[in-house]
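A short write-up of the structure that comes next.
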Amino acid sequence: PGPFPGLCPGWSPRAVPARGRKARQDPIAKSKAVRVKLPPPVDPEELLVVRERYRQHRLVLSALRAEFRAEMLQRKREERLAAEGSVEQLEEHRRLMAWNNEENARQQARREERLRKEEEEQKRKKLEISEKQARKMEAFLEEKEKEVLQLQEEAKNFITPENLEARIEECLDNPRNYNFAIDKDGRIVKRTVLS
Amino acid sequence: MPMKGRFPVRRTLQYLSQGDVVFKSSVKVMTVNYNTAGELSEGARKFVFFNIPQIQYKNPWVQIMLFRNMTPSPFLRFYLDNGEQVLVDVEDKTNKEITEHVKKILGKSKETLEKEERERKKLSHPATFGPKKYHLRECMCEIEGQVPCPAFVPLPKEMRGKYKAALKNEA
């Protein structure tokens, strides 16, 4: 046992035993004061052989693991591709997208129809309103016309300073009798005598 | 404890699991543009209120975004993973029509869903027993036709170790 370059196990003779009940700073037991712990003796040839065998074993194992891992990934990828990227699926997708576009076009047509109808409706309403307005104006004007004419008619019978005298004479000459009698049935009698 | 919201049935698992729109794996984002007022957006509003929870429950990895009062007419837009965008005009449609339309163009068909279900079932064998996470039953005593658990029904004398040992000692 001694340090061989490349074969040293990484140990060195320890003067202090491993921790236990005592702290690092506590004194060592009297019976252990001269104890020197040495690593277990190693046969170099055996070590070489065992190391080589372990190396090969681990190499083979990791290679196998990598192989299996790659196989699993490949299988998963193939599965995914087969499920998602096959030709029929793409075809199906295109067909569905085309159908969707058609549906959108139909909806567009319906919308345009609806908008057109609404526009027509609005125009019609506007026309109606303007017509009504025009009619109202006409009616109003007619009313006013009628009033003006009526006034003109009445103007002929107005009493002006010129024919005041004549009218007074006329009234005095023709006395009008405003008296009348009415009974409970609502019959009016205008034959009362003027006194 | 009072229920939350106007239609608390939307929060029940039974309602959510009744949603039948399962998107294909290429659909990543769903965007809904709709208006909060107006007759034409009524179907879209009902869709957002009643059907989107079901869709999100069935597709937890699809991002759903809602935009209100940004456009004059309502529409849906789907963003697929190959960059394609699918536009669906939903003006003047009822929410049922919208779900049917979406299911037809981007949903997994019933056969696909059934196939996936069967694949999933193949992974686990229903006859095995073990931890509850992976199996249906934990102990053999739970399986029909097997010896019941001695915790509930004592074993007959002949099966018990102490009886057999006593017999051996006698003999």
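Letters A, B, ... mirror the listed sequences (proteins, then strands); counts begin at 1. This one's a predicted model, so the numbers in the text were calculated from it and none came from an experiment.
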Heavy-atom side-chain contact between A/Q89 and B/T112 under 4.5 Å = no
Toward chain A, the part of B/K93 with a non-hydrogen atom under 4.5 Å = side chain
Side-chain heavy atoms under 4.5 angstrom apart, residues restricted to Ile, Leu, Val, Met, Phe, Trp, Tyr: same cluster for B/Y79 and B/M65?
-> no
Interatomic distance, NE2@A/H93 vs CG@B/L106, rounded to 0.5 Å, equals 6.0 Å
Segment of A/R111 engaging chain B (4.5 angstrom heavy-atom cut-off) = side chain
Can you get from B/V22 to B/V88 by hopping between Ile, Leu, Val, Met, Phe, Trp and Tyr side chains that sit under 4.5 Å apart?
-> no
What about A/M97 and A/L90, same hydrophobic cluster or not, with Ile/Leu/Val/Met/Phe/Trp/Tyr joined at side-chain heavy-atom distances under 4.5 Å?
-> no
Can A/V50 be reached from A/V42 by stepping across I, L, V, M, F, W or Y side chains whose heavy atoms are under 4.5 Å apart?
-> no
Check whether any side-chain heavy atom of A/R110 lies under 4.5 Å from a side-chain heavy atom of B/E91, and answer yes or no.
-> no
Over 12 non-hydrogen atoms of neighbours within 6.0 angstrom of CD in A/Q74 | yes
Side-chain heavy-atom pair A/N100, B/K104 within 4.5 angstrom cut-off | no
Does the side chain of B/D89 reach to within under 4.5 Å of the side chain of A/E103, using non-hydrogen atoms?
-> no
Quick one: are A/Q107 and B/D92 in side-chain contact, heavy atoms under 4.5 Å?
-> yes
Would a hydrophobic clustering, with Ile, Leu, Val, Met, Phe, Trp and Tyr connected at side-chain separations under 4.5 Å, put B/Y57 with B/I52?
-> no
